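Just so it is clear, the structure is predicted and the values come from calculations on it, not from any experiment. In what follows, every heavy atom counts, from backbone to side chain, and hydrogens, waters and symmetry copies are set aside.
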Amino acid sequence: CRQETMTAVLAAAAIIGLVAATAADSAPNKPHILMVIVDDFGWADAGWHREVPSREVVTPTMDALVKEGVELNRHYVHMMCTPTRSSFYSGRLPIHVLTQLSSPCDTNGAIPRNMTGVAAQLKKGGYATHHVGKWDAGMVTPHHTPQGRGYDTSLNYFGHGNWMYSEREWLGSYHNRSTVPGSEEESPETIVDFWDTDKPASSLNGTGYEEYVFRDRILSILAEHDQSTPLFLTYASKIVHYPQQAPVEYQERFSFITDLDNRRMYHAMVNFLDDQLLNITTTMKNLGMWDNTLMVLTSDNGGYVGSNEGGCNSSGPAGLPSTDWGHGTACFNGEAGANNYPLRGGKYSMWEGGIRVNAFVSGGFLPPAVRGTKLDGPNAMIHVTDWYVTFSKLATGELPTDEWAAESHLPDIDGYDVWPLVSGQNKTSPRTTILVNAQLLVHNQWKYVKPKSNMIEAAWGGVAYPNGTTLADNTWINNFHSMCNEPQGCLWDVASDYTEQTEVSAQYPAVVSKLAKIMADEAATIYSVSHANDPACKPYCFANYGGFYGPWKEV
């Protein structure tokens, strides 16, 4: 059924492509924008970061997009998913919107109600706007949903992750469980997390592997799009977040990995994503859209490097489209499988492995002179929030403002326009400083950590991490921690020592003093509100949406 749907969509795309060139010629000189947010994508799990190719890391589509685009070697995000996504959608650094995880039932929503979303800014420039995939940025009112933030349509889930066949809420990693937590085993209170613009996605729930459902929606959006209108499409993939699930054919491609199921499943999911992007970009090319497309890809944080907390489950290939068991292997104990080598640490940590992520820009809108280049070094910093401003400026010709937030006394937009840097007009990023949280500052080439800060995940992986030895010796990266015991704070030069081997605060006392002052000044601007869950949320969703997540206030 999924293959037939894809064939029909691609056939329509081929027909539409016959007239696409004429439509594109008449369109204004505004690029189509494809924003791809990958979930928990490890640094070493991207082929372009492998100096020596590995048969485990199979990403030919993304590798080619990097070669045709601009590699972003100092692209920063938060160390966990909700703040990164809230930062992109709001145009604020996480310290000015959210620095912690937030659930769908967050009583204040991840992003304050009266902040204008990036899609709403692009609509001012005449864009059609669509969101497909993970949202993870609040749903307390309709204003907090993708539609409320400016997307014309969305097919999304609201939480950190959901099960990829039943779309039921993922309740977090389990410990030493042997059976897949499928819908037939969960309590009646287990909610379905799948939403279609302004209503539950009940007609699509349980119809197959979730990423196939996302693919079909994306290809339909592309085929039906009026190319006289610029397009803003956000694809926020479920891959590679827990629980680990992939179609059996992708699992079989990596059957040679026999020492740890988590690593095998992780690479299978990444390879699926690579094929997913091949389908999307090929469709855009067939439609005549690619030559005027700006594509940005980023992970939301580094790959997870936790312990596996027990084995995975293998249940054969005979499951129904709506059940999470019966589709080969599924991993849901712990959070293991990713690899950020040679970076230190991973998801949740303050090391580069947690906040410096896989990222690149590609597409035909890029000037030919910058294709195949890399942005690196002390003057090449970009934060994910900068794309809010960059896209808005390309869409309207002006830097965005947010009067709604100003009237509500909320923090202002603090992203930068990085198009002059990416397009080669200048060599220096306007971004020099990122206060990641109250303990961590990145400034040009320097990383400064406040005294007495606990640096979790203070270790490095290897070429093939995690592996059987990791399991046998219990040498999971999350077992290693390092306290910043320098009285003045800790310092690394992450431009020249990006693997963070050498702490250098004693050698640069003037730099430490300067950064401590910047940190104190920036910390005074941190925005914070309660993110407690509202107990009325789930009962309302069961009573009004048939057990699907959705907004429960102002409805």
Engineer: Report yes or no: does Asp417 contribute a side-chain atom to a donor-acceptor pair with the main-chain N or O of Trp419 at less than 3.5 Å?
Structural biologist: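 Yes, the answer is positive, given that a donor and an acceptor are paired below the 3.5 Å cut-off.
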
Engineer: Centre-to-centre under 6.0 Å for Phe88 and Trp387, is that the case here?
Structural biologist: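 When the ring centroids of Phe88 and Trp387 are compared, they turn out to be at least 6.0 Å apart.
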
Engineer: Check whether NZ of the Lys or CZ of the Arg Arg263 lies under 6.0 Å from the centre of the six-membered ring of Tyr465 and within 45 degrees of that ring's axis.
Structural biologist: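 No, cation not above the ring by the 6.0 Å, 45° rule.
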
Engineer: Hey, what's the ring geometry for Phe332 with Trp163, parallel, tilted or perpendicular (30° and 60° as the breaks)?
Structural biologist: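 Phe332 vs Trp163 ring planes: tilted.
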
Engineer: Name the residue from Leu65, Leu277, Ile37 that meets the side-chain contact (heavy atoms from CB on, under 4.5 Å) definition with Leu297.
Structural biologist: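 Answer to the side-chain contact (heavy atoms from CB on, under 4.5 Å) test with Leu297 among Leu65, Leu277, Ile37: Leu277.
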
Engineer: Is there a donor-acceptor contact under 3.5 Å from the side chain of Ser86 to the main chain of Ala137?
Structural biologist: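 Not a single qualifying donor-acceptor pair exists.
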
Engineer: Taking the six-membered ring for Trp and the single ring otherwise, decide whether the centroids of His32 and Trp290 are under 6.0 Å apart.
Structural biologist: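 No.
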
Engineer: Would you say Asn379 and Asn444 are linked by a side-chain donor-acceptor pair, where the criterion is simply a distance under 3.5 Å?
Structural biologist: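 There is no such pair (donor and acceptor under 3.5 Å, judged by atom type) between the side chains of Asn444 and Asn379.
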
Engineer: Before we go on, tell me: are the rings of Trp492 and Tyr498 under 6.0 Å apart, centre to centre?
Structural biologist: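 No, they do not, as the ring centres are separated by 6.0 Å or more.
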
Engineer: Would you kindly say whether Gln147 and Ser154 are connected by a side-chain donor-acceptor distance under 3.5 Å?
Structural biologist: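 Looking only at side-chain atoms, Ser154 and Gln147 do not form any donor-acceptor pair under 3.5 Å.
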
Engineer: Any chance the rings of Tyr250 and Phe272 have centres within less than 6.0 Å?
Structural biologist: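 So the answer is yes for these two rings.
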
Engineer: Give the ring-plane orientation class for Tyr212 versus Tyr209, where under 30° counts as parallel, over 60° as perpendicular and anything between as tilted.
Structural biologist: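 Ring orientation of Tyr212 relative to Tyr209: perpendicular.
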
Engineer: Test your reading of the model: is there a side-chain donor-acceptor pair from Glu457 to the backbone of Gly346, 3.5 Å cut-off?
Structural biologist: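 Side chain of Glu457 to backbone of Gly346: a pair is present.
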
Engineer: Centre-to-centre under 6.0 Å for Tyr304 and Tyr266, is that the case here?
Structural biologist: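 Aromatic pair counts; centres sit under 6.0 Å.
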
Engineer: I'd like to know if the side chain of His49 reaches the main chain of Trp43, judged simply by a donor and an acceptor atom lying under 3.5 Å from each other, with no hydrogens or angles considered.
Structural biologist: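 Side chain of His49 to backbone of Trp43: a pair is present.
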
Engineer: Is it the case that the ring center of His327 lies less than 6.0 angstrom away from the ring center of Tyr165?
Structural biologist: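 Between Tyr165 and His327, the centre distance is under 6.0 Å.
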
Engineer: Could you grab the distance from atom CG of Asn162 to atom CD of Glu167, nearest 0.5 Å is fine?
Structural biologist: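 Answer rounded to 0.5 Å: 6.0 Å.
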
Engineer: Using the ring of each side chain (for Trp, its six-membered ring), is Tyr151 parallel, tilted or perpendicular to His131, with breaks at 30° and 60°?
Structural biologist: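 Correct class here is perpendicular.
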
Engineer: Phe214 vs Tyr157 aromatic rings, parallel, tilted or perpendicular, using cut-offs 30° and 60°?
Structural biologist: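 Parallel.
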
Engineer: Under 6.0 Å from the CZ atom of Phe365, do we count more than 12 heavy atoms belonging to anything else shown?
Structural biologist: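 Atom CZ in Phe365 is packed in, count exceeds 12.
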
